[in-house]
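Notes follow once the structure below has been shown.
Only a predicted model underlies this, so the values are computations on that prediction, with no experimental measurement involved.
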Amino acid sequence: MTEKSLPPLARIDSVQCLDSDYSGPKGFRIEDSQQMGEGASIPADSAICDDCLNEMLSQGRRNRYPFTTCTNCGPRFTLLKGMPYDRPLTSMDAFPLCPDCLREFRNPKDRRFHHQTICCPKCGPKYRLEDGKGPLDVKNPIQTLAKELDKGRIAVVKGWGGMHICCTLDRLEKMREWYGRKEKPFAIMAKDMESLRKYGEPTEFEERLLESPNRPIVLIRK
């Protein structure tokens, strides 16, 4: 395998070849973990890949499902509770796989083969919307929240791992006052480069960073 043929989140650190006699069964399989691992590298959380994004935006069982991920994207570090990186040692252990997800998980030809955070609306977590009085009875929490943000509300969004305090740009000063951090810088979430260029002038290198699988926060010229 070469660097060009690696999955998006994979990296070759070293290659070691050993010659040995083998008399076991033919075929490929991933054995269950036997003990706690040490020295493994767990990548930081990454952005959704194009395949999962297209799946979310097309008709199917993961249509508009915000927790859609595969082995090429999705959460890693923030869900981890221990090593090795197996589902029982992540916060997804509370969500047993449905038959459809289990079929994908066991299929070596599926991009979700052995993907530890695999889920769908049948078996995975769901969003709910709350205010100061508790949960709200709304059909689409995400769409309702977007409308409330457009009205000037401030929201706290809890995702796979951390929490995000958010508002629209015209309410930023109000959020700084409410949050008690009047000088704190906040990151802007842009839909695409065209949207971003309305507020700043990213260089070619900065654009590559912003469109990389990690989607880091990048400082650009206003």
Counting only N and O atoms by type, is there a donor-acceptor contact under 3.5 Å from the side chain of [X] to the main-chain atoms of [Y]?
X	Y	result
Asp131	Gly134	yes
Arg87	Phe95	yes
Lys81	Ser91	no
Arg64	Ser58	no
Arg215	Ser212	yes
Asp86	Leu89	no
Glu130	Pro135	no

With the threshold set at 4.0 Å, does a side-chain nitrogen-carboxylate oxygen contact exist between [X] and [Y]?
X	Y	answer
Arg61	Glu104	yes
Glu201	Arg197	no
Arg103	Asp110	no

**Item:** Side-chain heavy atoms of Ile188 within contact of Leu196, under 4.5 Å
**Value:**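 Heavy-atom side-chain distance check fails, nothing below 4.5 Å.
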
**Asked** Do Pro96 and Cys123 have side-chain heavy atoms sitting under 4.5 Å apart?
**Response**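 No, every pair of side-chain atoms sits at 4.5 Å or beyond.
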
**Item:** Geometric cation-pi criterion, Arg176 with Tyr179: 6.0 Å, 45°
**Value:**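 Output no; distance or angle outside limits.
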
**Message:** The test is side chain to side chain contact (heavy atoms under 4.5 Å, CB included); show your working for His164 and Val156 and say whether it passes.
**Reply:** CA-CA 5 Å; His164 306 275; Val156 179; over 6 Å; no

**Message:** Minimum heavy-atom separation for Asp100 and Lys122, please, with both atom names.
**Reply:**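 Smallest heavy-atom distance, with atoms named: OD2-NZ, 3.3 Å.
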
**Asked** How far apart are the closest heavy atoms of Cys166 and Leu149, and which atoms are they?
**Response**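 That closest heavy-atom pairing would be O-CD2, 3.8 Å.
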
**Asked** Looking at NZ of Lys151 and OG1 of Thr168, how far apart are the two atoms once the value is rounded to the nearest 0.5 Å?
**Response**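 Here the interatomic distance stands at 13.0 Å.
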
**Straight-line distance of Leu209 CG to Glu206 CD, nearest 0.5 Å** =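 Result: 7.5 Å between the selected atoms.
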
**Asked** Does anything in residues 104-127 pair up under ring pair (Phe, Tyr, Trp, His ring centres under 6.0 Å), and if so which pairs, sequence neighbours excluded?
**Response**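 Qualifying pairs, neighbours excluded: Phe67-Tyr127, Phe105-His114.
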
**Message:** Under the rule for salt bridge (charged side-chain N to carboxylate O under 4.0 Å, His left out), what residues qualify as partners of Arg111, not counting sequence neighbours?
**Reply:**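 Here the qualifying residues are Glu55.
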
